[in-house]
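Every chain is numbered from 1 and lettered A, B, ... according to where its sequence line falls, protein lines coming before strand lines.
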Amino acid sequence: MAEEIVLETRGLTKDFKGFVAVDGVDLAVRRGTVHALIGPNGAGKTTVFNLLTRFLAPTAGRIFFKGVDITSSRPAVVARQGLVRSFQISAVFLHLTVLENVRVALQRPLGTSFQFWRPERVLDVLNDRAMEILETVDLAGFASHAAVELPYGRKRALEFATTLALDPEVLLLDEPTSGMGHEDVARVTALIRKAAADRTVLMVEHNLGVVANLSDTITVLQRGKVLAEGTYDEVSRDPRVLEAYVGNADA
Amino acid sequence: MPARGNGRWLGGGLLLAAGLVAPYVVYPVFAMKVLCFALFACAFNLLLGYTGLLSFGHAAFLGSAGYVTAYTVKSLGFSPGLGLLAGTACAAVLGLVIGWLAIRRSGIYFAMITLGLAQVIYFLSLQLEFTGGEDGIQGVPRGVLFGVLPLDNPLVMYHFVLAVFLFGFWVVYRAIHSPFGQVLKAIRENEPRAVSLGYDVHRYKLLAFVLSATLAGLAGGTKSLVFQLASLTDVHWHTSGEVVLMTLLGGLGTEFGPVVGALLVVTLNNYLAGFGSWVTVITGAIFVVCVLAFRRGIVGEILAFARSRSAPKDP
């Protein structure tokens, strides 16, 4: 496996006033793979996630994206470099239309976003691209609806579409199937698989079924530390992982 | 969508017609007062209604622009147009400074920083030499606009104020329906998400803040020419509270709401003035009833009603 490492952490640590949520995590995400971060509740998955996207500042350790140290970059800058996250709660712009939600993601490269003296019409050149993206998640028929009117599963699909609109090199997904019913899980899994065809995906996930189907590499976290790493088969046979999960299920 | 467009033209047409006949129906000074506060509220609405930032110090921009306009016109002999420009520019610079400090925090902390800094402006207005302290700056000459329009004529003055208001309203309208406005709404709806899309939200908030402060200053400068007076009332925190009231009553985040709200509040203050201090009790009671009964404000409720009537059931 000589593939290039696109996202890497070294000794990543986050200490919340004495509670060490993430403790010296070394992570290496290879380009073009789907990498899953799993672990029981409170293992520090979401904290790692927030550290990677710079929504939280680490106490110690460094983060490298495409070989560049981004440990002290601002979150918006990291996003512009191609490391884009989704959110656990469906993060859509509720009172914008479905089309506008995707268009907001597309409009930044136009360089007109500070132009308060120009009409919205200048953004209409993006409508075709936005509709194409909405087609891929079956939302084209809802384009003129306000996002607030969509049911939960559709909101998640819209969020996914908005994230994809940025065409990120690395896609960070925070529990993409949380709170979903069966059909929605299948739909989102298919979407992730499609999106992962030409980019790198790092996902935090609870649902082991989703992870088993999608991931090339799985890192298991427990109490802020890396417990095991490998393919699904390797990890799922690891007695420490079984203990961590089963032990947790018993509690 | 077309129904909304028609409603917008209808509302705009009605307001424009009202604006044109107003000076023949009510006292021009009263109508001008309404227009100044309407512009002030529209400027405020750009920030609260479309960016989601509650400033509790907007009187600082209204009042300081009033002082600068009054001072430059009365003591330095500026023409009214130039005086207004100076007042507005002062508010813009003040907006840049206060905004730069305040946008680092959000929610209640943002409101408190704006309030605190506005209190500093109030203190300065009371203490500085040129503001005239408790007396304010009185007897500001209206002068002649562009060398041809005698503003001492009430009707000429009125139409000038109407033009200023329409310009300010248009700027706000343009801004909220611009590429910039789209980003502002995105920030209002979900700030972390806007960050994750690569937007430096602080910069957008700062530009919105400066725009809002500038237009509030335009309203304040105009007001000082209308009343030929700049006084402490306009920099007092009570005025900052009143503009919140106007915006919420009329309809937060609606284009015409602040205008309707300003009309209502100024009218109440004027016609209930005979009741003395009861005015505040009555406006307070109306405010509470409005917030409890129709939270979207007057225009907001009308729009919601129209939408529920016109929208067919979802597919």
For [X], look at atom [atom1] and say whether over 12 heavy atoms of other residues, nucleotides or ligands are found less than 6.0 Å away.
| X | atom1 | result |
| --- | --- | --- |
| B/F167 | CZ | no |
| B/R104 | CZ | yes |
| B/Y109 | OH | no |
| B/I108 | CD1 | no |

Any side-chain to backbone donor/acceptor pair from B/R193 onto A/S86? Under 3.5 Å, distance only. no

Identify which part of [X] has an atom lying under 4.5 Å from any heavy atom of chain B, answering side chain, backbone, both or neither.
| X | result |
| --- | --- |
| A/V122 | side chain |
| A/R103 | side chain |
| A/F114 | both |
| A/V78 | neither |
| A/T53 | neither |
| A/E159 | both |
| A/L123 | side chain |

Out of curiosity, [X] [atom1] to [Y] [atom2], how far, rounded to the nearest 0.5 Å?
| X | Y | atom1 | atom2 | value |
| --- | --- | --- | --- | --- |
| B/S196 | A/R54 | OG | CZ | 15.0 Å |
| B/N190 | A/H95 | CG | NE2 | 12.5 Å |
| A/R85 | B/L197 | CZ | CG | 11.5 Å |

Most heavy-atom pairs under 4.5 angstrom with chain A, which of B/A175, B/A186, B/G181, B/A194? B/A186

From the list A/V84, A/L172, A/T162, the residue making the most non-hydrogen contacts under 4.5 Å with chain B is A/T162

Below 4.5 Å, heavy-atom pairs only: which of A/P119, A/P75, A/A79, A/A105 has the largest tally toward chain B? A/P119

If I compare all heavy atoms of A/L94 with all of B/E189, which pair ends up nearest, and what's the gap? N-OE1, 3.2 Å

Counting a contact as any heavy-atom pair under 4.5 Å apart, which residues of residues 207-221 of chain B contact chain A? B/L207, B/L211

With chain A as the partner chain, list the residues of residues 40-60 of chain B whose heavy atoms fall under 4.5 Å from it, by residue number, and write 'none' if nothing qualifies. none

B/R188 versus chain A, the contacting section by heavy-atom distance below 4.5 Å: side chain

Determine whether B/Y199 and A/R108 satisfy the following criterion, side-chain contact (heavy atoms from CB on, under 4.5 Å), listing intermediate values before the conclusion. CA-CA 8 Å; B/Y199 289 107; A/R108 197 176 36 72; 3.5 Å; yes

What I'd like to find out is whether the side chain of B/V195 reaches to under 4.5 Å of the side chain of A/F55, using heavy atoms alone. yes

Do A/F116 and B/P179 come close enough that some side-chain heavy atom pair is under 4.5 Å? no

Side-chain donor-acceptor pair present, A/R121, B/S178, cut-off under 3.5 Å: no

For A/Q107 and B/Q182, which I'm curious about, is there any donor-acceptor pair between the side chains at under 3.5 Å? no

